[in-house]
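Everything numeric here is computed off the predicted structure, so don't read it as measured data. Numbers restart at 1 for each chain; the letters A, B, ... are given by sequence-line order, proteins then strands. Worth knowing before you read on, the calculation uses all heavy atoms, side chains too, and leaves out hydrogens, waters and symmetry mates.
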Number of protein chains: 2
Amino acid sequence: MVEAAFELADADGLDALTIRAVAARLGVKPMSLYRHVAHKDALLDALVERMYAEVETPDPQRPDWRAELRRRAHSVREVLVRHPWSIALIETRTGPDRPFTFVHAEAVLATLISAGCSPRLASRAFVVLDSYAYGFAVQQVTMPSTEPGEVVTDEFVAAMQQYPSLVAVMGAVMADASYDFVAEFDAGLDLVLDGIDRWREAQLPAVTVGRKQEPRDLG
Amino acid sequence: MVEAAFELADADGLDALTIRAVAARLGVKPMSLYRHVAHKDALLDALVERMYAEVETPDPQRPDWRAELRRRAHSVREVLVRHPWSIALIETRTGPDRPFTFVHAEAVLATLISAGCSPRLASRAFVVLDSYAYGFAVQQVTMPSTEPGEVVTDEFVAAMQQYPSLVAVMGAVMADASYDFVAEFDAGLDLVLDGIDRWREAQLPAVTVGRKQEPRDLG
DNA sequence: TACTCTCAGCGTACTTAGTACTCTATGGAG
DNA sequence: CTCCATAGAGTACTAAGTACGCTGAGAGTA
């Protein structure tokens with residue numbers, strides 16, 4: 001039943017996800033669903049959990065922690081974009097975290113810790129990584145179109161004209177045939193992973209490499 | 001009327017935001033609202049725009065671009081958290097962007113460009129910055145409690161026990177009396193701004209400082 | 001002054017959706 | 001063969017969005 005609801009949300013969006021529609025998809029009468037869920041909200045909770053189940057976790061055992069975290073970040077973005085309704089859902093479900101949340105947090109934190117981060121730093125890095133992945137997904141989903149052969153309406157272009165930097169940027173982006181919004185994710189991810197790596201090094205007592213930045217207090 | 005809806009959403013959340021409730025707050029009958037908006041969705045659009053209006057824009061004229069972008073990022077996070085319903089709304093409003101979106105994009109891009117970024121790089125940096133701010137806000141809003149004197153339920157603690165890294169991290173965080181989730185935002189923001197600064201330098205032909213990383217192709 | 005045009009607001013009523021309460025049928029355990 | 005647990009059905013109530021048509025007050029004009 002969660003599966004039916006999941007497919008329905010994917011196909012027709014959150015608005016189309018009604019108890020009645022889910023029942024119809026299962027060839028069953030609406031009220032029969034309440035044998036299996038307490039109320040619609042519980043079904044939505046289950047959907048979020050179902051969505052999390054698609055996200056790959058990093059493997060703390062593997063030596064290349066950056067590759068692991070990169071893989072997970074990509075997975076987060078992909079899954080959120082594949083199920084755009086889930087972003088809106090996540091925000092409304094504030095309740096005590098679900099099992100899957102724990103599993104993910106554990107995997108990511110363990111990966112960071114075996115990479116040499118202190119627990120305190122791992123916490124910080126985790127938040128930065130996830131913020132980036134979630135936020136990128138939000139932007140990608142919100143964006144009118146992110147296809148390489150992007151279609152822009154005339155009004156859009158007209159409205160844009162009075163904003164010179166915006167025009168310059170759009171021009172540069174459209175002139176770049178290799179531009180791909182999703183590829184931008186990877187670039188930003190490098191930035192974040194590099195930054196975490198620097199934090200990691202700064203925190204380790206032994207190897208102190210030349211840095212322009214003052215080492216920050218990492219707690 | 002948008003104002004009344006805005007206050008209602010802040011006070012009681014999105015679910016309580018019904019046409020009927022807004023009308024009641026205005027001392028008016030429900031159908032009267034349809035004199036002013038085509039349908040509820042249009043009202044929600046207006047709410048998103050109203051929310052954006054609270055976000056400070058950076059000033060491209062000022063010399064300290066990092067300070068400007070930092071100020072804006074803080075503002076984005078604050079406003080989104082102050083109006084938590086807006087995050088869920090944003091995701092569902094995919095339509096052609098609104099005036100305010102243009103204004104913000106222009107200000108941020110102009111700031112980046114006058115800091116010495118190419119338009120192509122400005123585009124990339126903008127996405128990274130906003131991803132971080134949005135994603136952080138999503139996490140903060142989702143979190144059960146982010147108050148310094150955080151209250152954790154017993155079940156939560158019990159369920160956590162089987163995840164050693166999670167336990168270690170929670171322990172480290174709770175042991176740190178100065179820990180403040182919102183302050184973590186600033187740390188991550190430093191990471192992002194540092195990274196953008198590096199991109200900026202790498203892209204400038206003149207000053208090439210020693211770097212461990214291969215310079216990436218920034219287009 | 002009288003007329004009319006516009007527009008904010010009203011009332012009624014239809015539709016969709018969540019769900020409380022109660023009843024039925026079926027299949028397996030004793 | 002009986003009984004119970006459980007999935008599903010039926011009915012019906014409530015909340016919410018909104019189509020449609022009406023009213024009354026104020027502004028501008030003859």
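Look at B/Arg66 and B/Asp194 and you find a salt bridge, because one of the NZ, NE, NH1 or NH2 atoms lies within 4.0 Å of a carboxylate O, short of that distance.
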Identify every side-chain donor-acceptor pair in residues 30-41 of chain B under 3.5 Å, counting partners at least two apart or on other chains, and give the distances.
from, atom 1, to, atom 2, distance (Å)
B/Ser32, OG, B/Lys29, O, 3.2
B/Lys40, NZ, B/Leu17, O, 2.8

With a cut-off of 3.5 Å and sequence neighbours excluded, list every side-chain donor-acceptor pair involving residues 156-167 of chain B.
from, atom 1, to, atom 2, distance (Å)
B/Gln161, NE2, B/Val157, O, 3.0
B/Ser165, OG, A/Glu106, OE2, 3.1

Nucleotide-resolved protein contact map, nucleotides 9-20 of chain C, B/S/- at heavy-atom distance under 4.0 Å: BBBB----BBBB
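Atom CD of B/Glu78 sits about 10.5 Å away from atom NE2 of B/His83, to the nearest 0.5 Å.
You can see that DNA chain D meets the heavy atoms of chain B within a 4.0 Å-exclusive cut from D/dA16 to D/dC20, reading 5' to 3'.
Residues forming a side chain to side chain donor-acceptor pair (under 3.5 Å) with B/Ser86 (at least two apart in sequence, or on another chain): none.
Between A/His74 and A/Phe185, the angle of the ring planes goes over 60°, which puts this pair in the perpendicular group of the 30/60° scheme.
Residue pairs meeting the salt bridge (Lys or Arg N to Asp or Glu O under 4.0 Å) criterion with at least one member in residues 44-57 of chain B, sequence neighbours excluded: B/Glu3-B/Arg50, B/Asp45-B/Arg93, B/Arg50-B/Glu54, B/Glu54-B/Arg82, B/Glu56-B/Arg71.
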